[in-house]
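In what follows, a structure is listed as C-alpha cells, so that the remarks can point back to it.
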Amino acid sequence: MNIYFAGSIRGGREDIELYRKIVKHLENFGTVLTEHVADSKISSYGETTLTEEEIYSRDLDWLTSSDVVIAEVSTPSLGVGFEVAKAVELNKKVLCLYRKQAGKRVSAMIAGCPELQLAEYETLKDALSTVDSFIK
Ligand code: 6IA
C-alpha cells in the first residue's frame, strides 16, 4: 500500500516529533511516500536542491499514485490544505488528524468537508488507533 503522509513544512515544524511517530507507525502498513515530512533535517525554510516546480510535480505524482492520504493538520499549512483538497478531488480516501488545542479549532474547510474523515484526538495513542481503523 502506498501511503501519502502530509504535514506542515513551511507552515512551521513544531509538530515534527509527532509526524515522526505517525510515519513510523504508518510504515507497518506499507510504503510512506513522503517520509521527508518527518525529517528533522528539513527546516521550515524548506531548503532543497529541487526547484519549487520539481517539488510540486513530484508530490502531485506521489499523491496520484497513493492508496490513502493521511494529513496531520494541527499546524496550519497552505501546502497540507492544498494536498488535502487535491486528494479529495482525486477521490482518495483521506484522513485528517487534528490534535485538540485550547482556544483553537480546525479550519471549517476541513471540518465541513463531507468527503474526508476528520479525527480530533488528545493523545498519540488515540491518533494511532484511529489510523489503524481507517486503514483497516
Ligand atoms: O506549505 P508547507 O510547506 O507547510 O506544505 C507542506 C506539505 O507540502 C507537505 O505535506 C509536503 O508533502 C509538501 N511539501 C512542501 N514543501 C515540500 C518540500 N520542500 N519537499 C517535499 N514536499 C514538500 C523542500 C524540502 C525538501 C528538502 C524535501
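Note that ligands are numbered from 1 as they come in the structure, with each ligand's atoms numbered from 1 the same way.
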- Considering the heavy atoms of Ser8, write down every atom of ligand 1 situated less than 4.0 Å from one of them. 4 (O)

- Give the intermediate values and the outcome of salt bridge (charged side-chain N to carboxylate O under 4.0 Å, His left out) for residues Lys100 and Glu120. CA-CA 6 Å; Lys100 287 186 191 166; Glu120 300 202 13; 5.4 Å; no

- Short version for Ile55: what comes under 4.0 Å of ligand 1, heavy atoms counted, is side chain

- Query: Measuring from the heavy atoms of Arg58, does anything fall under 4.0 Å of ligand 1?
  - Reply: yes

- Locate the shortest heavy-atom distance separating Phe134 from Gln117; write the atom from each residue and the value. CD1-OE1, 3.4 Å

- Message: For Arg58, I'd like to know if atom CZ has over 12 heavy atoms of other residues, nucleotides or ligands within 6.0 Å.
- Response: yes

Could you pull out all donor-acceptor pairs under 3.5 Å where a side-chain atom in residues 80-94 meets a protein atom, sequence neighbours excluded?
from: Glu83; atom 1: OE2; to: Tyr4; atom 2: OH; distance (Å): 2.7
from: Lys92; atom 1: NZ; to: Thr64; atom 2: O; distance (Å): 2.7
from: Lys92; atom 1: NZ; to: Ser66; atom 2: O; distance (Å): 2.9

- Under 4.0 Å between heavy atoms, the region of Tyr19 that gets near ligand 1 turns out to be neither

- Query: Can you list the ligand 1 atoms lying under 4.0 Å from a non-hydrogen atom of Arg10?
  - Reply: 2 (P), 3 (O), 4 (O)

- Task: Please say whether Ala6 places an N or O atom under 3.5 Å from an N or O atom belonging to ligand 1.
- Result: no

- Query: Is there a nitrogen or oxygen of Ser77 sitting under 3.5 Å from a nitrogen or oxygen of ligand 1?
  - Reply: yes

- Message: According to side-chain hydrogen bond (donor to acceptor under 3.5 Å, both in side chains), who are the partners of Asp61, at least two apart in sequence or on a separate chain?
- Response: none

- Item | Cluster overlap Leu124 with Val106, hydrophobic side-chain contacts below 4.5 Å | no

- Under-4.0 Å heavy-atom contact with ligand 1, by part of His36 that carries it: side chain

- Query: Applying the side chain to side chain contact (heavy atoms under 4.5 Å, CB included) test to Leu95, which of Val69, Val68, Ile70 qualifies?
  - Reply: Ile70

- Please determine if Gly79 has a nitrogen or oxygen closer than 3.5 Å to a nitrogen or oxygen of ligand 1. yes

- Message: Is there a polar contact, in the sense of an N or O pair closer than 3.5 Å, between Gly11 and ligand 1?
- Response: yes

- Would you tell me whether Ser74 and Asp15 have side-chain atoms, one donor and one acceptor, within less than 3.5 Å of each other? no

- Note on the structure: A student checking ligand 1 against Gly7 at a 4.0 Å heavy-atom cut-off should list atoms 6 (C), 7 (C), 9 (C), 10 (O)

- Message: Show the atoms of ligand 1 that are less than 4.0 angstrom away from any heavy atom in Tyr4.
- Response: 12 (O)

